[in-house]
There are 2 protein chains.
Amino acid sequence: MTSGRVTIADVARRAGVSTAAVSKVVRGAYGVSAEMQAKVSQAIDELGYRPHAAARAMRGRTYTLGVMLSDTRNPFFPDIIEGVTGHLRDTEYQVLLGPGGIEPKTQARMTDAMIDRSMDGLILISPVTTDAELAAIAAGTPVVVIGRHGGAPAYDSVVDDDVMGARLVVDHLVGLGHTRIAHITHLERARAQGLPHTVRAEGYRQAMRAHGLADDMVATSFTEEGGYEGARELLARENRPTAIFAGADIAALGVLRAADEAGLSVPEDLSVAGYDNIGIASLKRISLTSVDQDGQVIGATAARLLVERIEGRTRSVTSSVSPTLIVRGSTGPL
Amino acid sequence: MTSGRVTIADVARRAGVSTAAVSKVVRGAYGVSAEMQAKVSQAIDELGYRPHAAARAMRGRTYTLGVMLSDTRNPFFPDIIEGVTGHLRDTEYQVLLGPGGIEPKTQARMTDAMIDRSMDGLILISPVTTDAELAAIAAGTPVVVIGRHGGAPAYDSVVDDDVMGARLVVDHLVGLGHTRIAHITHLERARAQGLPHTVRAEGYRQAMRAHGLADDMVATSFTEEGGYEGARELLARENRPTAIFAGADIAALGVLRAADEAGLSVPEDLSVAGYDNIGIASLKRISLTSVDQDGQVIGATAARLLVERIEGRTRSVTSSVSPTLIVRGSTGPL
DNA sequence: AAATTTGTGTAGAACGTTCTCCACTATCTA
DNA sequence: TAGATAGTGGAGAACGTTCTACACAAATTT
């Protein structure tokens, strides 16, 4: 207590062995007798020794995995995080989350910070960066990217099949008799390729074309406010859409607000669908038809791939998770 | 690129000076000439040098602050995090979040992990621990605790005035003519003192007494499900309450679901109020009367106090933030 | 019986910083 | 002119691990 932290040298002294031996025991390395193992373990317990991560980092592992969050406010993240931490629960890896913000610059600062802290691997959720920057990061550190299509050889990817998700929504709405189906997407600031909103928008376009329908998109942002403004714009048109498919639930909530304010009842006057199936979508009051992408599975998969890569795999893997359409009260027949 | 990371020695060689000099420049320490400063800065830029945090940690600072999150799913956290990161934006500190879970054991594991990684300071959000454990942590690392009443000399505290918040709700409901006002609180597993739910419950009790009314509480959990179950129990009573004050918005959402299922309209048949004023509370569809506690201010305050403490302050500070009642459509006259 | 293999433990050099001394020069004071 | 004082730069010892090389003993093979 008084004299600072307990080090491996203290343990070695207590057990009457060398620091190298203690290190072996701690790491579970080869070449330790049962007797040595017992002696050292006892000393560790008695002294309450905990390995100093920074010192470890100087030579080997830190046993720390970083998850870069692009937008803390997105209610979809907790599922992913739960998947990641759940999968890592019984390993000695620790997960630390880095709030990267939505700006490319702040995200880059965050990933740099994580690399500076010599994390063993990084999970990047919907990073807004160029492919080149991503490849540069992945060249130095094991990386798994979530939610970005078109994987690269340098890192693993876990994606939701957003094309399929968008098609599920369009098919559902067309099946209900809708023809004027609008889509609200996220305005991309950076020249990043393969972000979910882009793919969802593309999937929407394809699905509309497949049904011989004209697409109608407005680009705001994936926020409640963005959905609200997008919907206001769409609903002000002379020939307003009868259904709005927002690329994210959070935006769909804004659409619902705009509908309420415009005196339109959902789903009688306007059908609304979202994407992500966030928790509150199931509230009776909201009852939002949405595409579910099982964040826990995505998170757990990402964690698994990352550990594999840290432990030596070099061949790149892309894991695609199929989404499901959850039909609720916000969509109905025309 | 090919030969691993750029170190302070590389910079020193390039600039033709000693590593000690480079270190001084990097740290902005005293005793550097303008010429030296320029020479070294140029070499740093040319080589793209970044200090290795782990190596720094061996001797000095890591410039890393940890925030322990007790429940990632709580929609109230993003505000706090935004406050923290916002306040730290232009400093050289980096914020890393640790998902601690709701169990005392997992939270302890998380704080230990953060200490092992020699973070310069810790912000703990509603930690579920004994005062003794908290004091032990704070003895070794600067700590600011958010959302836990009854501060201790070893750490700083930032709290919402939960007694006042509860009183605001009760006063409001009584003003509307309600007398049978129930409260849903969180069942505490651990023997932790001064957690928000406890204080809110106590504030509710006091306020009811002040109005000469009998209190009626049920303890489930601060989740949508917990609110739902608590409300089901309350609404099943022969003399059911006319207003339910949930100790957290997330639970209030569950109350709304229970009301909907029971065929009760809000606020005509039942008034519902929550606490935290989470984003979706303002959605027209939800329109939940709630107590707002400005998470951003709380987060920013915590960050400020933590930095002060890291930089030498030892006198303990407790900062209390006054909440506001936001009246919306979920509460109405009896 | 000698040679080889296997098992177990240790010495000691990294790893990339920080920071305390110390040395040197140039300026100022007596 | 000698002595003191700033101001600036550098040497080198930490910090707490990991891990390669090696030493030694015991067991096994020739």
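In the text below, chain A, chain B and the rest are named by the order of the sequence lines, each starting its count at 1.
If you take CZ of A:Arg117 and P of C:dT17, they are 13 Å apart, rounded to a whole angstrom. A:Arg61 has its CZ atom 18 Å from the P atom of C:dC15, to the nearest Å. Taking atom CG of A:Asp116 as the reference point, atom P of C:dG16 lies 13 Å away to the nearest angstrom. For A:Arg13 and C:dT10, the CZ to C1' distance is 16 Å, given to the nearest whole Å. Separating the CE atom of A:Met58 from the P atom of C:dC15 is a distance of 9 Å, rounded to the nearest angstrom. Rounding to whole angstrom units, NE2 of residue A:His52 and C1' of C:dC15 are separated by 13 Å. Atom-to-atom, CZ of A:Arg56 to C1' of D:dT18 comes out at 9 Å; the value is rounded to the nearest Å.
We find the NE2-CZ distance between A:His52 and A:Arg56 to be 11.5 Å, quoted to the nearest 0.5 Å.
A donor-acceptor pair is defined here as one N or O able to donate and one able to accept, closer than 3.5 Å; no such pair exists between the side chain of B:Asp120 and the backbone of B:Leu65. Of the possible donor and acceptor atoms, none in the side chain of B:Thr72 sits under 3.5 Å from a partner among the backbone N and O of B:Pro99. Put simply, the side chain of A:Ser70 gets close to the backbone of A:Ile125: a donor and an acceptor are under 3.5 Å apart. No donor-acceptor pair under 3.5 Å is formed between the side chain of A:Thr19 and the backbone N or O of A:Ala9.
In the displayed structure, B:Glu35 atom CD is contacted under 6.0 Å by at most 12 heavy atoms of other residues, nucleotides or ligands.
A salt bridge does not link B:Asp112 to B:Arg109: none of the charged side-chain nitrogens sits closer than 4.0 Å to a carboxylate oxygen. With respect to the salt-bridge test (charged N to carboxylate O, under 4.0 angstrom), the residues A:Asp156 and A:Arg304 do not qualify. Remark: A:Asp131 engages A:Arg148 in a salt bridge, criterion side-chain N to carboxylate O under 4.0 Å.
In the helix from C:dA1-D:dT30 to C:dA30-D:dT1, the end axes, each obtained as the rotation axis mapping the C1' atoms of four pairs onto the next four within a five-pair block, lie 50° apart to the nearest 10 degrees.
For DNA chain C, the neighbouring residues in residues 41-50 of chain B, judged by any heavy atom under 4.0 Å, are B:Tyr49, B:Arg50.
In summary, the side chains of B:Thr64 and B:Arg117 do not present any donor paired with an acceptor at a separation below 3.5 Å, with no hydrogens or angles considered.
Put simply, B:Arg27 has a side-chain N or O that comes within less than 4.0 Å of OP1 or OP2 on C:dC19.
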Under 4.0 Å protein heavy-atom contact, by nucleotide of nucleotides 6-12 of chain D - B base, S sugar-phosphate only: -SSBBBB
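No N or O donor and acceptor, one from the side chain of B:Arg59 and one from the base of C:dT17, sit under 3.5 Å apart.
Within the nucleic acid shown, B:Thr7 comes within 4.0 Å of sugar-phosphate atoms alone, with no base atom in reach, counting heavy atoms only.
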Derivation of the side chain to side chain contact (heavy atoms under 4.5 Å, CB included) call for B:Leu88 and B:Val307: CA-CA 9 Å; B:Leu88 262 16; B:Val307 171; 4.0 Å; yes
